[in-house]
Every structure is written in C-alpha cells, then in structure tokens.
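Below is one structure, written out as structure tokens; comments come after it.
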Amino acid sequence: MTTFALVDCNNFYASCEKLFRPDLRHVPLVVLSNNDGCIVARSKEAKALGIKMGVPLHQVKDQLAYHNVAVFSSNYALYGDISNRVMETLAALAPAIEIYSIDEAFLDLTGVSNCMNLTEFGFQVKNTVQKNVGIGVGVGIAPTKTLAKLANHAAKQYPATQGVVDLTAKARQEKLLKLMPLKEVWGVGRKLCTRLQAQGIETAWDLANQNPKTIRQKYSVVLERTVRELNGESCLSLEEIAPPKQQIVCSRSFGTRITQLSDMQEAVANHVARGAAKLRHEQQRCKHISVFIHTSAYNPKEPHYSNHASFQLPSPTNDTRILLTVANRLLKHIWQDGFNYARAGIMLSDFYPKGMEQALLFESPSTFESRPKSAELMQLIDKLNQSKIGQIFFARQGIENNWKMKRQRLSPSYTTDWKQLPWVR
DNA sequence: TCTGGGGTCCTAGGACCC
DNA sequence: TCTGGGGTCCTAGGACCC
C-alpha cells in the first residue's frame with residue numbers, strides 16, 4: 001500500500017520574515033502581495049487578530065496600525081532561498097520527494113512503516129527542518145495525496161497533534177473525514193462546494209460516500225479521483241521530476257496607472273525580457289507569444305478596456321530581440337489612448353526543446369531567424385544578469401520605469417546578497 | 001487614492017476530414 | 001419532403017491549486 005506525507009511550512013512567508021528578525025518573534029506580522037496590494041501571508045499572531053487572507057491592504061490599514069502589526073512587501077528572493085533549504089532537508093530524509101509548491105512537498109513513505117513508526121518519522125521531519133532551517137512545518141501522513149493533505153490540515157488545526165498526524169488507520173480517516181467541512185478537501189473549490197452542498201453534501205465524509213461513477217457523470221473525472229482518494233484508493237502518484245512547463249506568463253500591476261503608450265512599451269518590454277530569460281532557463285524556445293493589457297477591474301466609474309493579441313512565429317525562438325519586436329507590434333495593435341491602464345503582461349507558449357524545431361520549408365533570411373550568434377549573446381546576457389556585477393537590459397525596457405510596482409516595505413535579501421547579510425553584534 | 005501572480009487540467013464546441 | 005456518422009484537432013473558458 002502506498003503511503004504519502006505532505007509537509008507544509010507554517011505561515012511560510014511570514015515565518016521567513018521572522019527568521020532574521022528575532023525582535024519580531026511574537027509580534028503579529030503580515031506579508032503583502034506584489035505592488036503591496038493585498039495580504040498574502042499572516043503570522044499566527046496576525047491570524048489571531050482576525051486579519052483575513054487576501055484582503056486589500058487599504059481596507060485593514062487602520063487595524064494593522066492599531067495593533068502594531070509588522071508589515072512587509074513580498075521578498076521572493078528570500079522566500080525562494082529558504083524554500084530551497086527546506087526542500088534539501090526533506091530530500092535528505094525521505095526516499096523520494098515531490099516539490100509541490102514553494103512551501104509544500106509530498107514525500108513517498110511507502111515501506112517506511114516497516115522500519116519505523118510513521119508518527120515518529122513525522123516528528124523527525126518536523127524537528128530536523130526546525131533545527132536546520134528554523135521554519136516550522138506540519139506533517140500529514142496517509143495512503144493517498146488527498147488524505148495526506150487533509151491530515152496536514154488537521155495537524156495545523158489541532159494543537160494537540162503537535163503538528164503531526166498519521167492517518168494511515170482506517171478508523172482515524174473516518175473520524176477526521178466526518179469532522180472536515182467539504183471546502184477543506186483538496187480539489188473542491190468555491191464553485192464545486194456550492195454545487196455539492198446543494199446536493200446535501202456537507203463534509204469530506206459525505207463526499208467520500210458518493211458513487212464515483214455518478215460523480216464522474218455529474219461533475220468530472222477530477223472529482224471522481226478525489227472521491228476515490230478520500231476512500232484510500234491512490235489515484236495521484238508522486239511526481240519526482242517536474243514536467244516541463246507548457247507556458248510562461250509574466251504580468252504585473254503597475255505602481256501607478258499607465259496612460260502613455262511609451263510607458264506601456266517599456267513595461268511590456270520588461271515582461272518580455274523576464275519571460276525570455278525564464279524560457280532560456282527552461283532550455284526551451286517558443287513559437288507563440290501574446291500580449292495583454294487592461295484597466296482596473298475594481299473601479300466601476302472608470303471606463304473599462306481589456307484586450308490581447310497574439311502571434312505565431314515562423315520558427316521557435318528564445319531570442320529576446322525577436323520577442324521584443326513582435327510584442328511591441330502586438331501592443332500597438334491593441335493599444336487605445338484615453339484609458340488608465342492597471343496591468344499588462346505577456347504569455348509565451350507552444351514550446352520546442354532545443355533541437356526539436358521543424359526547419360522552415362521556404363527559409364528566408366528575414367527579420368526573424370537570421371540572427372547570428374543568437375545563443376551566445378543570450379547566454380552572455382543571462383550570465384551577466386545572474387552575476388552580481390550588474391544588470392544589462394534592452395533600451396526598450398527603459399530606465400526610469402515610473403510605473404514600477406510598489407514595494408515600500410521590503411526586507412533585505414539576507415541570504416542571497418553579500419551586501420545584505422544580517423549583522424550579529 | 002489604494003484590490004497579486006503564475007500555473008495546470010478538463011470540457012464543450014467548432015472546424016475540418018473522409 | 002426526406003441530407004450520415006464517426007473521428008481528430010484546436011481553442012476558449014472554467015475550475016482548481018499555491
């Protein structure tokens with residue numbers, strides 16, 4: 001029988017911020033989304049104050065000030081580095097690991113129970129991560145991923161568990177499923193929850209007792225799998241190797257609204273440069289690019305405009321210069337004067353790994369693929385930009401970037417920049 | 001005034017083929 | 001008057017996840 005563990009970091013972004021600020025150890029703390037827009041992470045103390053996930057900052061500003069809550073912009077350089085440390089620690093402890101998100105990993109524990117008590121193993125994982133990295137985690141253990149998720153949720157919700165729940169015993173599964181509301185089940189979102197509740201399905205246990213075939217007919221094959229997984233039948237396996245990406249999206253809201261085409265051209269060029277660098281990092285080339293722009297979705301008084309345009313390249317590329325040219329043309333196509341734009345982005349898709357592209361039948365040394373030394377140049381750019389020597393960029397990306405996102409409360413990159421190492425006095 | 005960003009998978013429906 | 005049936009591929013949109 002299969003056994004999985006789900007290890008999930010507690011309040012991950014908030015915990016990362018506290019790691020280098022012992023003075024904030026017991027202080028309520030929140031982390032903001034990009035552009036300092038909404039609350040995306042809360043420390044335990046902040047949760048206790050009733051600060052909700054996802055609320056816009058401006059709605060709770062007074063409340064935060066009143067309770068002296070520490071507020072941070074999101075610092076992905078820091079979180080990414082701490083995440084790597086957690087994952088390395090987990091990889092050393094378990095037979096196999098699937099990194100599921102920045103703060104979560106599934107472990108394959110099949111067979112581990114032959115030599116060790118699973119709850120004990122869970123505490124070993126928890127204590128090792130705490131000791132090596134300083135981040136608290138919860139551990140849920142069960143025969144399927146969906147049950148492991150639920151076990152993990154229980155580990156966090158019930159202090160008596162001390163952060164580890166072993167759900168391999170059938171009787172414990174039943175007990176927990178009956179306690180868990182439907183919305184806590186992995187794969188049941190808001191829409192499904194409403195539909196299922198209309199059928200009288202209220203708890204995880206109710207869902208587990210549905211007929212899988214009927215669920216497939218009325219809903220989808222995805223929900224059928226969920227039902228089976230809740231019953232201990234493993235349908236989702238551990239994916240140790242991340243499948244190659246199928247698309248790359250780069251988009252941002254602006255710190256201040258954009259009204260001029262020239263500013264928008266800069267912003268889009270920056271997204272393209274980031275996207276192309278990601279593409280090269282994945283060792284892929286893309287044949288499809290699209291550009292989108294839109295005004296704020298939240299202001300009903302302002303005129304609303306949203307549009308996108310895309311282009312199929314004659315042959316796959318990861319050359320920033322080509323993508324910049326195409327993106328700029330697409331942007332001009334959809335640009336309309338007279339709006340306050342809130343957001344723009346680009347999407348790259350239709351990927352071809354190196355060496356897989358189809359040669360052109362009527363090869364013409366046109367503007368597209370006649371770039372000598374393209375690979376060498378891109379490699380050089382990436383190398384420079386990854387080094388700490390300095391950044392180079394294309395003129396179209398602009399210098400001032402007045403529209404740049406707000407990050408007014410950014411913490412230092414303690415672990416990824418020599419100049420920002422924390423001092424111990 | 002002020003509301004994130006980046007992904008995946010599945011399905012339905014249309015276009016097209018023979 | 002009465003106009004098939006079966007298949008593939010692609011895309012857009014919806015749902016979900018963190």
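If you're wondering where the values come from, they're calculated on a predicted model, not measured in any experiment.
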For a quick check of understanding: with a heavy-atom distance under 4.0 Å over all strands, which category does [X] fall into, base, sugar-phosphate or nothing?
{"X": "A/N35", "result": "nothing"}
{"X": "A/D103", "result": "sugar-phosphate"}
{"X": "A/R274", "result": "sugar-phosphate"}
{"X": "A/K245", "result": "sugar-phosphate"}
{"X": "A/Q247", "result": "base"}

Interatomic distance, [X] [atom1] vs [N] [atom2] [rounded to whole Å]:
{"X": "A/E104", "N": "B/dG7", "atom1": "CD", "atom2": "C1'", "result": "14 Å"}
{"X": "A/I99", "N": "B/dG7", "atom1": "CD1", "atom2": "P", "result": "16 Å"}
{"X": "A/I102", "N": "B/dG4", "atom1": "CD1", "atom2": "P", "result": "19 Å"}
{"X": "A/Y100", "N": "B/dG6", "atom1": "OH", "atom2": "P", "result": "18 Å"}
{"X": "A/L192", "N": "B/dC9", "atom1": "CG", "atom2": "P", "result": "18 Å"}
{"X": "A/H281", "N": "B/dG7", "atom1": "NE2", "atom2": "P", "result": "12 Å"}
{"X": "A/R195", "N": "C/dC16", "atom1": "CZ", "atom2": "P", "result": "9 Å"}
{"X": "A/Y341", "N": "B/dT3", "atom1": "OH", "atom2": "P", "result": "17 Å"}

Please determine if [X] and [Y] form a salt bridge, counting it only when a charged side-chain N lies under 4.0 Å from a carboxylate O.
{"X": "A/E229", "Y": "A/K149", "value": "no"}
{"X": "A/E174", "Y": "A/K170", "value": "no"}
{"X": "A/E98", "Y": "A/K145", "value": "yes"}

In terms of side-chain heavy atoms of [X], which of [options] is nearest?
{"X": "A/K149", "options": "B/dT11, C/dC16, C/dC17", "value": "C/dC17"}
{"X": "A/K191", "options": "C/dA15, B/dC9, B/dG7", "value": "C/dA15"}
{"X": "A/N299", "options": "B/dC2, B/dG6, B/dC9", "value": "B/dC2"}
{"X": "A/S253", "options": "B/dG7, B/dC10, B/dG4", "value": "B/dG4"}
{"X": "A/Q246", "options": "B/dC9, B/dC10, B/dG4", "value": "B/dC9"}
{"X": "A/V249", "options": "B/dG6, C/dC18, B/dC9", "value": "B/dG6"}
{"X": "A/R257", "options": "B/dG7, B/dT8, B/dC2", "value": "B/dC2"}

Take the angle between the ring planes of A/Y79 and A/Y13 and call it parallel below 30°, perpendicular above 60°, tilted in between.
->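 Parallel.
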
Can you tell me if [X] touches the phosphate of [N], counting only side-chain N or O atoms and a distance under 4.0 Å to OP1 or OP2?
{"X": "A/Y298", "N": "B/dG4", "value": "yes"}
{"X": "A/R252", "N": "B/dG6", "value": "yes"}
{"X": "A/S251", "N": "B/dG6", "value": "yes"}
{"X": "A/K278", "N": "B/dG7", "value": "yes"}

Whole-angstrom distance between C/dG4 and B/dC16, as gauged at atom C1' |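 Taking atom C1' in both C/dG4 and B/dC16, they lie 16 Å apart.
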
For B/dG14, what is the paired nucleotide under Watson-Crick or G-U wobble rules, both distances under 3.5 Å?
->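 Base-paired to C/dC9.
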
Select from A/M405 and A/P244 the residue whose nearest nucleotide in DNA chain B is closer to the 5' end of that strand.
->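 Going by which nucleotide is closer to the 5' end, it is A/M405.
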
Closest-nucleotide ordering on DNA chain B, the 5'-leading residue of A/K301 and A/C250 =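 It is A/K301 whose nearest nucleotide is closer to the 5' end.
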
To the nearest 0.5 angstrom, please state how far the CD1 atom of A/I346 sits from the CD1 atom of A/I289.
->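 Going from CD1 on A/I346 over to CD1 on A/I289, the span is 5.5 Å.
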
Give me the one residue out of A/T128, A/T89, A/L90 that meets side-chain contact (heavy atoms from CB on, under 4.5 Å) with A/V133.
->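 Per the side-chain contact (heavy atoms from CB on, under 4.5 Å) rule, the option paired with A/V133 is A/T89, out of A/T128, A/T89, A/L90.
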
Decide whether A/N402 and A/E266 meet the rule of one side-chain donor and one side-chain acceptor closer than 3.5 Å.
->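 Result is no, nothing qualifies.
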
Polar contact flag, side-chain donor to acceptor under 3.5 angstrom, A/S262-A/Q260 =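 Result is no, nothing qualifies.
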
Do A/W186 and A/F106 have ring centres separated by under 6.0 Å?
->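 Centroid separation for A/W186 and A/F106: below 6.0 Å.
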
Strictly below 4.0 Å, heavy-atom distances to any atom of DNA chain B: list the hits from residues 41-65 of chain A, or just say none.
->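 Only A/P56, A/H58 qualify.
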
